[in-house]
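Here the structure is laid out as C-alpha coordinates; the discussion comes afterwards.
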Amino acid sequence: DKKENTASGVGSAIGMAVGGPVGGVVGGIIGRVFGCFLPDTQITMKNGLTKSIIDINLNDDIAIGGRVFAHAKFLVNDLYDYKDIKVSGSYMVNENNKWLRVEESKLSKSLGNKEHIVYTLGTDSRRILINNILFTDYFEVDEYFNNWKNHSIELQEQNKNILNAI
(Lines give C-alpha, C1' and ligand atoms only; values in the text may rest on other atoms or scores of the structure.)
Protein backbone atom coordinates (compact mmCIF):
# COMPACT_ATOMS: atom_id res chain seq x y z
CA ASP A 1 0.00 0.00 0.00
CA LYS A 2 1.52 3.30 -1.14
CA LYS A 3 0.22 5.25 1.87
CA GLU A 4 1.80 2.74 4.23
CA ASN A 5 5.14 3.13 2.46
CA THR A 6 5.07 6.92 2.41
CA ALA A 7 3.63 7.59 5.86
CA SER A 8 5.88 8.87 8.61
CA GLY A 9 9.21 7.00 8.86
CA VAL A 10 9.24 3.75 10.75
CA GLY A 11 9.57 4.50 14.42
CA SER A 12 10.76 8.05 14.05
CA ALA A 13 7.84 10.42 13.60
CA ILE A 14 6.90 10.75 17.25
CA GLY A 15 10.52 10.96 18.28
CA MET A 16 11.16 13.64 15.68
CA ALA A 17 8.09 15.58 16.85
CA VAL A 18 9.35 15.62 20.40
CA GLY A 19 13.11 15.49 20.22
CA GLY A 20 14.39 16.09 16.71
CA PRO A 21 16.75 13.59 15.04
CA VAL A 22 17.86 12.01 18.32
CA GLY A 23 14.23 11.64 19.33
CA GLY A 24 13.64 9.90 16.01
CA VAL A 25 16.22 7.26 16.86
CA VAL A 26 14.82 6.89 20.37
CA GLY A 27 11.33 6.62 18.88
CA GLY A 28 12.45 3.76 16.67
CA ILE A 29 13.81 1.87 19.65
CA ILE A 30 10.79 2.60 21.81
CA GLY A 31 8.51 1.39 19.02
CA ARG A 32 9.70 -2.12 19.76
CA VAL A 33 8.79 -1.69 23.44
CA PHE A 34 5.49 0.12 23.18
CA GLY A 35 3.08 -0.75 20.48
CA CYS A 36 0.34 0.27 18.24
CA PHE A 37 -2.53 -0.78 15.98
CA LEU A 38 -2.81 -2.28 12.51
CA PRO A 39 -3.28 0.31 9.71
CA ASP A 40 -6.99 -0.38 9.14
CA THR A 41 -7.96 -0.01 12.83
CA GLN A 42 -10.96 2.32 13.04
CA ILE A 43 -10.41 5.23 15.41
CA THR A 44 -13.48 7.06 16.74
CA MET A 45 -13.32 10.72 15.77
CA LYS A 46 -14.75 13.64 17.77
CA ASN A 47 -17.73 13.84 15.39
CA GLY A 48 -18.60 10.18 16.12
CA LEU A 49 -17.47 8.85 12.74
CA THR A 50 -14.52 6.49 12.42
CA LYS A 51 -11.32 6.75 10.42
CA SER A 52 -8.53 4.23 9.79
CA ILE A 53 -5.52 5.05 11.94
CA ILE A 54 -3.34 5.17 8.82
CA ASP A 55 -5.55 8.01 7.50
CA ILE A 56 -5.44 10.10 10.69
CA ASN A 57 -3.76 13.47 10.14
CA LEU A 58 -1.97 15.79 12.51
CA ASN A 59 -4.46 18.20 14.12
CA ASP A 60 -7.37 15.77 13.56
CA ASP A 61 -9.71 15.69 16.55
CA ILE A 62 -10.39 12.21 17.91
CA ALA A 63 -12.98 11.23 20.51
CA ILE A 64 -11.73 11.59 24.10
CA GLY A 65 -8.08 11.98 22.98
CA GLY A 66 -8.61 15.37 21.37
CA ARG A 67 -6.08 16.87 18.96
CA VAL A 68 -3.57 14.53 17.34
CA PHE A 69 -0.05 16.01 17.56
CA ALA A 70 1.95 12.93 16.53
CA HIS A 71 1.38 9.99 14.18
CA ALA A 72 3.92 7.23 13.66
CA LYS A 73 4.42 3.68 12.50
CA PHE A 74 6.57 0.98 14.00
CA LEU A 75 7.55 -2.64 13.44
CA VAL A 76 6.39 -4.91 16.28
CA ASN A 77 6.28 -8.65 16.85
CA ASP A 78 3.88 -8.88 19.81
CA LEU A 79 0.48 -8.41 18.17
CA TYR A 80 -2.64 -9.49 20.07
CA ASP A 81 -6.32 -9.77 19.28
CA TYR A 82 -8.22 -7.83 21.94
CA LYS A 83 -11.98 -7.95 21.30
CA ASP A 84 -11.33 -8.03 17.52
CA ILE A 85 -8.85 -5.13 17.71
CA LYS A 86 -5.32 -6.04 16.60
CA VAL A 87 -2.99 -4.25 19.01
CA SER A 88 0.47 -4.66 20.50
CA GLY A 89 0.55 -6.50 23.80
CA SER A 90 2.37 -3.65 25.50
CA TYR A 91 -0.45 -1.17 24.82
CA MET A 92 -2.61 -0.01 27.75
CA VAL A 93 -6.35 -0.70 27.71
CA ASN A 94 -9.05 0.25 30.18
CA GLU A 95 -10.78 -2.98 31.17
CA ASN A 96 -13.50 -2.84 33.84
CA ASN A 97 -12.28 0.63 34.91
CA LYS A 98 -8.72 -0.64 35.43
CA TRP A 99 -5.70 0.08 33.21
CA LEU A 100 -3.62 -2.91 32.16
CA ARG A 101 -1.39 -4.00 29.30
CA VAL A 102 -3.24 -5.86 26.55
CA GLU A 103 -0.90 -8.84 27.04
CA GLU A 104 -2.07 -9.04 30.69
CA SER A 105 -5.76 -9.30 29.80
CA LYS A 106 -7.54 -12.65 29.84
CA LEU A 107 -9.59 -11.29 26.92
CA SER A 108 -6.56 -10.99 24.63
CA LYS A 109 -5.02 -13.68 22.44
CA SER A 110 -1.46 -13.60 21.12
CA LEU A 111 -1.18 -13.67 17.34
CA GLY A 112 2.40 -14.98 17.46
CA ASN A 113 5.71 -13.25 16.91
CA LYS A 114 5.47 -12.36 13.23
CA GLU A 115 6.58 -8.79 12.46
CA HIS A 116 3.79 -6.30 11.69
CA ILE A 117 3.67 -2.64 10.69
CA VAL A 118 1.54 -0.81 13.23
CA TYR A 119 0.50 2.80 13.78
CA THR A 120 0.11 4.94 16.86
CA LEU A 121 -0.92 8.44 17.83
CA GLY A 122 0.09 11.10 20.31
CA THR A 123 -2.97 13.03 21.53
CA ASP A 124 -3.56 15.99 23.82
CA SER A 125 -5.54 13.89 26.32
CA ARG A 126 -3.45 10.69 25.94
CA ARG A 127 -6.45 8.54 24.94
CA ILE A 128 -7.69 6.64 21.86
CA LEU A 129 -11.22 5.28 21.54
CA ILE A 130 -11.77 2.23 19.32
CA ASN A 131 -15.08 0.32 19.20
CA ASN A 132 -16.05 1.90 22.55
CA ILE A 133 -12.85 0.53 24.11
CA LEU A 134 -10.49 3.07 25.64
CA PHE A 135 -6.74 2.78 25.07
CA THR A 136 -3.95 5.14 26.04
CA ASP A 137 -2.05 6.90 23.28
CA TYR A 138 1.65 6.27 22.69
CA PHE A 139 2.74 8.44 25.63
CA GLU A 140 0.16 6.98 28.08
CA VAL A 141 0.38 9.76 30.70
CA ASP A 142 1.52 13.38 30.77
CA GLU A 143 4.37 12.57 33.16
CA TYR A 144 5.86 10.09 30.66
CA PHE A 145 5.57 12.60 27.85
CA ASN A 146 7.26 15.34 29.86
CA ASN A 147 10.01 13.00 31.11
CA TRP A 148 10.59 11.74 27.57
CA LYS A 149 11.01 15.28 26.24
CA ASN A 150 13.59 16.02 28.95
CA HIS A 151 15.40 12.73 28.31
CA SER A 152 15.48 13.46 24.58
CA ILE A 153 17.21 16.79 25.25
CA GLU A 154 19.82 14.98 27.38
CA LEU A 155 20.35 12.39 24.62
CA GLN A 156 20.83 15.11 22.03
CA GLU A 157 23.70 16.58 24.05
CA GLN A 158 25.24 13.14 24.72
CA ASN A 159 25.04 12.18 21.05
CA LYS A 160 26.64 15.46 19.99
CA ASN A 161 29.53 14.75 22.39
CA ILE A 162 29.89 11.18 21.08
CA LEU A 163 29.92 12.31 17.46
CA ASN A 164 32.45 15.06 18.16
CA ALA A 165 34.75 12.55 19.93
CA ILE A 166 35.00 10.38 16.80
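All values reported here derive from a predicted model rather than from experimental measurement. Side-chain atoms are counted along with the backbone in the values below, which use heavy atoms only and exclude waters and symmetry mates.
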Side-chain donor/acceptor of [X] to backbone N/O of [Y], under 3.5 Å:
X	Y	result
N77	K114	no
T41	I53	no
R101	S90	yes
N96	K98	no
E115	N113	no
S88	D78	no
D137	T123	yes

Between atom [atom1] of [X] and atom [atom2] of [Y], what is the distance when rounded to the nearest 0.5 Å?
X	Y	atom1	atom2	value
F139	D124	CZ	CG	11.5 Å
L107	K83	CG	NZ	5.5 Å
Q42	I130	CD	CD1	9.5 Å
D60	K46	CG	NZ	12.0 Å
N132	T44	CG	OG1	6.5 Å

Indicate if [X] and [Y] have the same hydrophobic cluster label, given that clusters are the connected sets of ILVMFWY residues with side-chain heavy-atom separations under 4.5 angstrom.
X	Y	answer
V68	L134	no
L129	V102	no
I128	I54	yes
M92	L38	no
V87	W99	no

Close side-chain approach of [X] to [Y], heavy-atom, < 4.5 Å:
X	Y	result
D84	N131	no
L58	H71	yes
H116	L75	no
K51	I56	yes
I62	R127	no
L121	F37	no
R67	N59	yes

Please give me the minimum heavy-atom distance between Y80 and S108, naming the atom from each residue.
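Looking at all heavy atoms of both residues, the shortest contact is CD2-OG, 3.8 Å.
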
Is there a side chain to side chain contact (heavy atoms under 4.5 Å, CB included) between T50 and I43? Walk through the geometry before answering.
CA-CA 5 Å; T50 61; I43 307 299; over 6 Å; no

Parallel, tilted or perpendicular: ring planes of F135 versus Y82, cut at 30 and 60 degrees:
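F135 vs Y82 ring planes: perpendicular.
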
N161 atom CG, over 12 foreign heavy atoms within 6.0 Å
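Yes, the 6.0 Å shell around CG holds more than 12 heavy atoms from other groups.
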
Residues T120 and Y91: side-chain donor-acceptor under 3.5 angstrom
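Distance-only check passes for T120 and Y91.
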
